[in-house]
Amino acid sequence: MTENTKPETVLHNSVGFDDISDSELLDIDLDLCTASLTRSDSHVTCCSTALSEDSKVSEMEGDSEDKFRKKRKQDKQSPLKRFNLRYLCVTDLCSQSWCEQQMVYGLEMPYLQQLEKAPEVELGASIHLAKELEVHDIVSVSVKTREDAWAVKLLNLLSMITVLQQGGRVRELPVFGVIEGIFLVGVIDELHYSPKGELELCELKTRSQPSVPGVAQKRSHHLQVSVYKLLFDSMVKGQLKQGSLPQYLCLKTETALGSQVLEHARKLGLNVSSFGDLLELAFLNLRFSDIPAIDSLKIEYCYQANNSPLGEDIVHFDEQQVTRELHFYSMYWIGEREAQGVDIEDAWKCRYCDFADVCEWRMRRAGNTIWKQRTKRAK
Ligand code: SF4
């Protein structure tokens with residue numbers, strides 16, 4: 001299969017289950033830097049909303065003893081349970097690496113975050129879409145259940161496995177897996193084979209400024225692609241267990257697939273009727289594919305205004321370092337430690353943070369003169 005053909009069709013959910021487009025989230029410029037969890041799994045969104053509504057009611061009416069009791073009980077739960085999250089997106093971890101406290105405030109007080117979708121993010125997304133359309137067409141599919149939504153990801157994965165096996169290039173490849181006991185989900189921007197035949201991951205970051213990002217943002221980007229490699233490698237090496245999806249995501253394998261999902265499965269030549277059938281097929285294909293692990297990780301930066309390249313980073317994959325980092329982040333999610341704000345060397349991030357006025361971490365350090373200087377907000 002040559003790269004000039006458009007060999008596959010990628011299915012996009014059309015009714016609100018599109019939850020994993022990681023491409024642009026971390027590529028916002030400094031003045032827009034506010035961590036946010038990407039969620040549109042309807043269940044999770046509902047729960048987050050309920051949480052913020054609770055807080056508003058408390059402010060308006062005063063907390064009753066019942067509410068205090070409820071809050072105390074909630075606080076004892078792990079953040080994963082408290083925020084009702086079945087899984088995390090890879091970009092959630094990247095937000096966490098920027099400032100964990102900011103990420104938590106984003107969940108607890110989303111109404112304090114900038115509501116407008118930044119034009120830069122939209123422009124970046126359109127550049128990604130154009131790139132995606134170079135390699136495949138996109139078709140909208142109506143999904144009725146969460147199982148349907150995951151079936152769409154599996155169908156995309158199956159068609160991309162075929163392309164990779166034939167030496168082709170794929171974009172927006174879904175990856176998922178369990179790391180440190182937490183289910184993680186992401187989307188790899190691009191995978192292709194280098195002239196040497198090595199499998200290369202390429203992440204495109206568009207910038208509204210004609211410059212590459214600073215060290216702190218690059219650190220997040222490096223974490224992002226390193227976690228993608230961990231997830232992808234575990235999938236193609238057969239280390240990810242088929243039962244993980246039903247177990248972590250509470251998906252029912254016996255659920256019948258919706259008519260549009262079935263139609264597209266048939267177009268791919270797949271004879272399936274339930275989510276479990278498709279899951280089994282996807283895992284069989286992964287297990288018996290001869291797709292190698294990812295050999296190299298690259299991040300490309302380009303200027304949004306004219307699409308000109310700004311530079312590229314070849315990321316050194318340090319498994320021990322990434323694993324240590326992920327272990328540290330997971331400790332927060334499973335309730336083994338409290339959320340932390342930034343260290344003093346990163347105190348400048350507070351100047352651009354939507355939660356600076358309410359941040360207890362920042363206030364607790366307000367007596368420190370160096371901290372005060374570094375977090376002083378521009379008038
Ligand atoms: Fe993090 Fe600083 Fe924002 Fe607090 S004010 S959430 S420490 S960036």
Side-chain angles (χ1 to χ4, degrees), residues 22 24-39 48-49 51-52 54-56 58-59 71 74-75 77-80 82-83 85 88-118 120-121 205 207-209 213-224 325-379:
D22 291 350
E24 286 303 297
L25 192 73
L26 286 165
D27 191 35
I28 44 184
D29 290 329
L30 197 57
D31 53 345
L32 300 169
C33 272
T34 296
S36 62
L37 286 192
T38 51
R39 282 288 170 276
S48 297
T49 309
L51 199 70
S52 61
D54 262 2
S55 330
K56 281 184 209 158
S58 297
E59 272 169 32
K71 188 168 185 321
Q74 276 179 342
D75 287 347
Q77 292 179 323
S78 72
L80 273 182
R82 185 151 46 98
F83 297 120
L85 300 171
L88 298 177
C89 295
V90 175
T91 44
D92 297 339
L93 298 174
C94 301
S95 302
Q96 193 174 3
S97 78
W98 178 264
C99 174
E100 188 171 78
Q101 183 62 72
Q102 189 188 71
M103 176 204 67
V104 175
Y105 283 144
L107 280 169
E108 291 176 341
M109 297 180 276
Y111 45 87
L112 287 184
Q113 279 183 304
Q114 294 180 21
L115 290 179
E116 293 290 304
K117 198 172 184 190
E120 286 85 355
V121 175
K205 299 289 184 194
R207 307 268 306 154
S208 63
Q209 303 293 321
V215 176
Q217 257 184 302
K218 280 191 172 185
R219 221 182 287 138
S220 291
H221 297 161
H222 291 193
L223 174 68
Q224 184 181 5
E325 215 174 319
L326 292 177
H327 177 73
F328 178 73
Y329 296 144
S330 71
M331 288 295 103
Y332 164 72
W333 287 108
I334 61 173
E336 288 294 313
R337 63 171 179 81
E338 294 295 315
Q340 298 180 4
V342 294
D343 290 332
I344 195 155
E345 60 267 23
D346 282 333
W348 55 271
K349 290 178 182 173
C350 304
R351 279 185 265 155
Y352 308 95
C353 176
D354 289 340
F355 305 102
D357 293 338
V358 297
C359 177
E360 291 178 15
W361 179 272
R362 179 172 164 268
M363 284 170 205
R364 280 203 296 273
R365 280 150 185 78
N368 180 317
T369 318
I370 304 172
W371 184 274
K372 223 187 262 176
Q373 285 165 357
R374 292 190 183 176
T375 61
K376 200 166 175 193
R377 305 187 87 179
K379 297 275 178 214

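Each ligand, and each atom within it, is numbered from 1 in the order the structure gives.
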message = Quick one about Tyr329 and Glu325 (side-chain donor to acceptor, distance below 3.5 Å, no hydrogens or angles considered), yes or no?
response = yes
Are any non-hydrogen side-chain atoms of Arg219 and Ser97 less than 4.5 angstrom apart? no
So Val342 and Trp98, do their side chains get closer than 4.5 Å, heavy atoms only?
no
query: Just by modelled atom types, is the Gln340 backbone N or O under 3.5 Å from a matching donor or acceptor in the Glu100 side chain?
result: yes
> Any donor and acceptor pair, going by atom type alone, linking the side chain of Arg337 with main-chain N or O of Met331 inside 3.5 Å?
Replying inline: no
For atom 4 (Fe) of ligand 1, protein N, O or S atoms at a distance below 2.8 Å amount to 1
*What class does the angle between the rings of Phe355 and Tyr105 fall in, given that below 30° is parallel, 30 to 60° is tilted and above 60° is perpendicular?*
tilted
